[in-house]
Peer 1: 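Pasting a structure below so you can have a look.
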Amino acid sequence: MEKINVDNGQSFDFGKTSKEYAKYRDIYPKELYDRIYQLGVGKRDSDWLDLGTGTGVIPRGLAEHGARIIGTDISENQIEEAIKLSEKYSNIEYKVCGAEDIDYEDKSFDVITACQCFWYFDPKKIVPKIKNLLKEDGMFMKIYMSYLKDDPIASKSNILIKSMNNNWTGASASVKDLTTHYFNDPHMESFFIDIPFTRKSWTGRMKASRGVMASMNKEQIKIFEERHMKMLEEFPMEFTIRHKVFLTYYYRKDMENI
């Protein structure tokens, strides 16, 4: 079980993106929440652990159903924003903690999720922990949503980021993660969705990414924003970007052999 290489080893810190992330990355569609709820995520009186929770987007999306939720993230800045955005939910608890360092009693959770992040973790450490932390009838789910690279706007955004950050490998790590299974009997689903944006919100979404704010310096970020907004002048003020949602989930009963 080898850790997936990301951006040729270039360092990045999503804590640098937290303000923009909180403002522009809460873009998951109702169809996603409806489907993962049908599969058991967020059910009333269930215990749910969300790894790499970031600003707590996924927990907030289903918090009103009444699950007991814990969200963890290695970034203090991300958790700070998550706490602010979740003030009205007494059933969500956030902790600053790397996924590999979580420490709860065995069989504590009905559901464990990891959204847009599992490829950042060390599988040698986190995989056995997930198995041990799930209840006998529990489920582990990886969630991933990506814009399509052949979308004309997304394509130009990608080209711009790559021109300024040559180490950035875009979705390559996540694509590899989609075909890497650490547990038996994976269940996989996917569907397409058009997500609405404005020029400003799409620029904000791209800034709050690994390739831009998480790894560029302030001057580079400023230049990127100026160039990106200029690039978008050839497109309407409002538009949609085609995305694909991927769900991969595993049941504890099938995890006997890893």
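Heads up: numbering here begins at 1 and tracks the sequence.
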Peer 1: Tell me whether the NZ or CZ atom of Lys43 lies within the 45° cone about the ring axis of Tyr37 and under 6.0 Å from its centre.
Peer 2: yes
Peer 1: Carefully, step by step, assess Arg210 and Thr169 under the rule side-chain contact (heavy atoms from CB on, under 4.5 Å).
Peer 2: CA-CA 10 Å; Arg210 195 181 72 244; Thr169 55; 3.9 Å; yes
Peer 1: Counting only heavy atoms from other residues, nucleotides and ligands, does the tally under 6.0 Å from NZ of Lys23 exceed 12?
Peer 2: no
Peer 1: Assess the residue pair Lys84 and Glu81 against the criterion (salt bridge (charged side-chain N to carboxylate O under 4.0 Å, His left out)); give the C-alpha distance rounded to whole Å, side-chain angles, the decisive distance to 0.1 Å, and a yes or no.
Peer 2: CA-CA 5 Å; Lys84 290 178 184 176; Glu81 292 299 321; 3.8 Å; yes
Peer 1: When rounded to the nearest 0.5 angstrom, what distance separates NZ in Lys95 from CD1 in Ile83?
Peer 2: 12.0 Å
Peer 1: Are Leu160 and Lys156 close enough, and set up right, to give a side-chain contact (heavy atoms from CB on, under 4.5 Å), and what steps lead you there?
Peer 2: CA-CA 6 Å; Leu160 177 58; Lys156 289 201 169 188; over 6 Å; no
Peer 1: For Asp7 and Ser215, does a side-chain donor sit closer than 3.5 Å to a side-chain acceptor?
Peer 2: no
Peer 1: Between Ile193 and Val245, which heavy-atom pair has the shortest distance, and what is it?
Peer 2: CG2-CG2, 4.2 Å
Peer 1: Can you tell me if Glu105 has over 12 outside heavy atoms packed within less than 6.0 Å of its CD?
Peer 2: no
Peer 1: Does Asp47 offer a backbone N or O that forms a donor-acceptor pair with the side chain of Asp110 under 3.5 Å?
Peer 2: yes
Peer 1: How long is the gap from CE on Met139 to OG1 on Thr113, to the nearest 0.5 Å?
Peer 2: 8.5 Å
Peer 1: Could you tell me whether the side chains of His187 and Tyr251 share a donor-acceptor contact shorter than 3.5 Å?
Peer 2: no
Peer 1: Could you pull out the closest heavy-atom pair between Ser18 and Ser75, with the gap in Å?
Peer 2: OG-OG, 4.4 Å
Peer 1: How close do Cys97 and Ile102 get, heavy atom to heavy atom, and via which atoms?
Peer 2: SG-N, 3.7 Å
Peer 1: Is a side-chain N or O of Arg60 found less than 3.5 angstrom from the main chain of Ile92, in a donor-acceptor match?
Peer 2: no
Peer 1: Please find out if less than 6.0 Å separates the ring center of Tyr94 from that of Tyr89.
Peer 2: no
Peer 1: Below 4.5 Å, heavy atoms only, C-beta onward: do Asp26 and Thr55 meet side chain to side chain?
Peer 2: no
Peer 1: Is it the case that more than 12 heavy atoms not belonging to Asn217 sit under 6.0 Å from its CG atom?
Peer 2: yes
Peer 1: Report the hydrophobic cluster partners of Leu148, with the cluster defined as I, L, V, M, F, W, Y residues connected by side-chain heavy atoms closer than 4.5 angstrom, directly or transitively.
Peer 2: Phe192
Peer 1: Going from NE2 on His228 to CZ on Arg199, what distance comes out if it is rounded to the nearest 0.5 angstrom?
Peer 2: 11.5 Å
Peer 1: Minimum heavy-atom separation for Pro196 to Thr240, with atom names?
Peer 2: CA-CG2, 4.0 Å
Peer 1: Determine, using the 4.5 Å side-chain heavy-atom cutoff (strictly less than), whether Ile36 and Ile70 are members of one ILVMFWY cluster.
Peer 2: no
Peer 1: Nearest 0.5 angstrom please: Thr179 OG1 to Met188 CE, how far?
Peer 2: 8.0 Å
Peer 1: With the 4.5 Å side-chain cut-off for hydrophobic clustering, are Leu49 and Val111 part of the same group?
Peer 2: no
Peer 1: Parallel under 30°, tilted from 30 to 60°, perpendicular over 60°: which one fits the rings of Phe14 and Tyr21?
Peer 2: perpendicular
Peer 1: Are the side chains of Glu238 and Thr198 in touch, meaning some heavy atoms are under 4.5 Å apart?
Peer 2: yes
Peer 1: Is it true that, when you exclude Glu100 itself, more than 12 heavy atoms of the residues, nucleotides or ligands shown sit nearer than 6.0 Å to its CD?
Peer 2: yes
Peer 1: Keeping Ser86 on the side-chain end and Ala82 on the backbone end, is there a donor-acceptor pair under 3.5 Å?
Peer 2: yes
Peer 1: Kindly indicate, with the supporting measurements, whether the criterion salt bridge (charged side-chain N to carboxylate O under 4.0 Å, His left out) is fulfilled by Lys230 and Glu226.
Peer 2: CA-CA 6 Å; Lys230 180 69 175 177; Glu226 291 172 350; over 6 Å; no
Peer 1: Trp202 and ring-ring contact (aromatic ring centres under 6.0 Å, His included): which partner among Phe235, Tyr147, Tyr24?
Peer 2: Tyr147
Peer 1: Check whether Arg25 reaches the backbone of Ala208 with its side chain - one donor and one acceptor, N or O, closer than 3.5 Å.
Peer 2: yes
Peer 1: Does one hydrophobic cluster hold both Met255 and Tyr249, with members joined at side-chain heavy-atom distances below 4.5 Å?
Peer 2: no
Peer 1: Hey, is the main chain of Pro152 close enough, under 3.5 Å, to the side chain of Ser155 for a donor-acceptor pair?
Peer 2: no
Peer 1: Would you say the ring centroid of Phe140 lies under 6.0 angstrom from that of Phe118?
Peer 2: yes
Peer 1: Considering all heavy atoms of both residues, which atom of Ile58 and which atom of Leu32 are nearest to each other, and what is their separation?
Peer 2: CD1-CD2, 4.4 Å
Peer 1: Checking Asp73 side chain against Gly54 main chain: does a donor-acceptor pair fall under 3.5 Å?
Peer 2: yes
Peer 1: Can any side-chain N or O of Thr17 pair as donor or acceptor with the backbone N or O of Glu20 at less than 3.5 Å?
Peer 2: no
Peer 1: With distance as the sole test, does Asn165 use its side chain to make a donor-acceptor pair with the main-chain N or O of Gly211 at under 3.5 Å?
Peer 2: yes
Peer 1: Please say whether more than 12 non-hydrogen atoms of neighbouring residues, nucleotides or ligands are located less than 6.0 Å from CD in Gln38.
Peer 2: yes
Peer 1: Can you establish whether the number of heavy atoms outside Ile74 located under 6.0 Å from its atom CD1 is more than 12?
Peer 2: no
Peer 1: Roughly how far apart are Glu225 CD and Met206 CE, rounded to 0.5 Å?
Peer 2: 13.0 Å
Peer 1: Assess the residue pair Phe246 and Ser174 against the criterion (side-chain contact (heavy atoms from CB on, under 4.5 Å)); give the C-alpha distance rounded to whole Å, side-chain angles, the decisive distance to 0.1 Å, and a yes or no.
Peer 2: CA-CA 10 Å; Phe246 300 87; Ser174 52; over 6 Å; no
Peer 1: Ignoring hydrogens, what is the shortest heavy-atom contact between Pro123 and Phe121? Give both atom names and the distance.
Peer 2: CD-O, 3.2 Å
Peer 1: Do Lys3 and Asp122 sit within salt-bridge range, that is, some charged N less than 4.0 Å from a carboxylate O?
Peer 2: no
Peer 1: Give a yes or no on whether a salt bridge exists between Lys124 and Glu2, defined as a side-chain N under 4.0 angstrom from a carboxylate O.
Peer 2: yes
Peer 1: Examine Leu134 and Leu51 and state if one hydrophobic cluster contains both, with Ile, Leu, Val, Met, Phe, Trp and Tyr joined whenever side-chain heavy atoms are less than 4.5 Å apart.
Peer 2: yes
Peer 1: Sub-3.5 Å donor-acceptor pair from the side chain of Gln10 to the main-chain atoms of Trp168, do we have one?
Peer 2: no
Peer 1: Verify, without hydrogens or angle tests, whether Asn91 (side chain) and Ala67 (backbone) share a donor-acceptor contact under 3.5 angstrom.
Peer 2: yes
Peer 1: Using the salt bridge (Lys or Arg N to Asp or Glu O under 4.0 Å) rule, pick out the option among Lys253, Lys131, Lys107 that qualifies with Glu136.
Peer 2: Lys107
Peer 1: Linking I/L/V/M/F/W/Y whenever their side-chain heavy atoms sit closer than 4.5 Å, directly or via other members, would Trp48 and Ile143 fall into one cluster?
Peer 2: yes
Peer 1: Apply side-chain contact (heavy atoms from CB on, under 4.5 Å) to residues Arg44 and His65 and explain how you reach the verdict.
Peer 2: CA-CA 6 Å; Arg44 179 169 298 279; His65 291 289; 5.7 Å; no
Peer 1: Within this structure, what is the NZ-NE2 distance for the pair Lys142 and His181, rounded to the nearest 0.5 Å?
Peer 2: 6.5 Å
